[in-house]
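Just so you know, residue 1 is the first one in the sequence shown, and it goes up from there. Start at 1 and go down the list; that is how both ligands and their atoms are numbered.
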Amino acid sequence: MSRKFNTLENKLGDKKINLNEEVEKILLDQGAISVGFATKKTLEGGPPTTDMTYILPEAETAICFAVPLDKPKIRSFLGKELPRGHFDHVIDNGNVYLKAYKYAKVTSDFLEEKGYKSAPVINNFKYREDVQNWRTKLPPPLALRLVAARSGVGSIGWSGNILVKGYGAAVLLGALVTSAKLKPTESIPPEESPCDKCKLCVNVCAYRMFDKNEEDSYTLGENTFSFSKRNNVSRCYTVCGGSSGLDKTKKWSTWSPGRTPYPEKEIDADKTFAHLFSHPIKNSRVVGEEGSYAESELLHDKVAQEYISSGEIASNTITENFTLTCGNCQLICWGDHDETVENYRILTNSGCIVTKENGENIIVSKEEADELEKSGKIADPYVETSERRQYVENIVVDIFKKLRKEQA
Ligand code: SF4
Ligand code: SF4
């Protein structure tokens, strides 16, 4: 199938359309901006997480699509604007996960009515629980980024996120699988990728999860996709998980009040994660911020509830307490060099969150944070320890040690 049906601009009119086109139209009409089709053959040679039969034994085609995030809300989030910069984006991001699931469900129901077995894919917070140490590896039911790259929904950027022309990485992915044998779409040639290798995604990761020079790659159905080598996933688990957010440079932070020093070595990254895992932050609310995911109307939607109750991790994640403190590698990259540079400038000038002695979290400049630190006026939320906490910490470090040995 040619790529001409893959974008919104080429949305079809009234002419007679085939099943690929019908499916694409259903997704675009709901709000998707790019749609691709991958088959077992085009995904051949990929890692186990590209096996679509894990979700549906009869699956022949995976249909993947992108849904855009709200860019002005991303800017306010990156700039740590008060009062709504944090939660306006959190609400949008949570809602886009739910919308993507809904789009997949509607399309899956359509295909079921046509007589094909189909199933929507849970697009985040659900993992393959039959994989050993799944809680550490977090293997998704289907590797949406690889399916999206192979089917031409977008291009894999240096960060490993999917970039869609005109939107950059400011999108979330959704998918469904079906027994219908649909025509696969081609991947986007590397020379047409919106990723210009500016590598700003490397520097907006507070714990530097991505290598600046070394590459990794996957080959699927004879197409190879390259992106940065991951240094250690525990770096992202710590920062994206909200346990710490102070950047390596100490000039800015994410929305997390955690200020644990940058781990230089990989073993330090594991130890930091383990320590913070056993010392969860009790109060991450920032003085002056307003909003919460409880405001989301979608949260109470019937189909969204199906998504929410679909798995152990999912059910604990998208709740009224849903929050995000990072996502920077994805959020800054808008597929346009000047816009991405501007996002980088906004984030790196947004200041740091610190916890005062009275437990309040406030946003201050680097200079103010240094001053407070020098005079001992920043609280350390991690001093408290106990035998039980130490026990948990040791177990987590051991699990990561084994995982890294396995990966080596
Ligand atoms: S920020 Fe975006 S465009 Fe720049 S290297 Fe990273 S993925 Fe590529
Ligand atoms: S989400 Fe945040 S912590 Fe995770 S890799 Fe991206 S920038 Fe780093």
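In terms of protein heavy-atom proximity, atom 6 (Fe) of ligand 2 is closest to Cys329 SG, 2.4 Å. Of all protein heavy atoms, the one lying nearest to atom 5 (S) of ligand 2 is Phe210 CZ, 3.6 Å.
Looking at Asp370 and Lys366, a side-chain N of the basic residue comes within less than 4.0 Å of a carboxylate O on the acidic one, giving a salt bridge. Looking at Arg285 and Glu360, no side-chain N of the basic residue comes within less than 4.0 Å of a carboxylate O on the acidic one, giving no salt bridge.
Short contacts between ligand 2 and Cys205, defined as distances under 4.0 Å to a heavy atom of the residue, involve ligand atoms 3 (S), 5 (S), 7 (S), 8 (Fe).
Taking the six-membered ring for Trp and the full ring otherwise, Tyr97 and Tyr307 have centroids separated by 6.0 Å or more.
When side chains are defined from C-beta on, Leu144 does not count as touching Ile162, because their heavy atoms never get closer than 4.5 Å. Looking at heavy atoms from C-beta onward, Ser256 lies in side-chain contact with Ile281 at the 4.5 angstrom threshold. Taking the side chain as every heavy atom from C-beta outward, Val153 and Phe65 never approach each other to under 4.5 Å. Using a 4.5 Å heavy-atom cutoff, the side chains of Lys377 and Val354 are not in contact.
Here Cys240 has heavy atoms under 4.0 Å from ligand 2 in both its backbone and its side chain. Neither the backbone nor the side chain of Tyr207 has any atom closer than 4.0 Å to an atom of ligand 2 (non-hydrogen atoms only).
Within the protein, the N, O or S atoms sitting under 2.8 Å from atom 4 (Fe) of ligand 1 are Cys198 SG.
Here the options are Thr185, Val147, Ile26, Leu27, the test is side chain to side chain contact (heavy atoms under 4.5 Å, CB included), and the partner is Ile63; only Leu27 passes.
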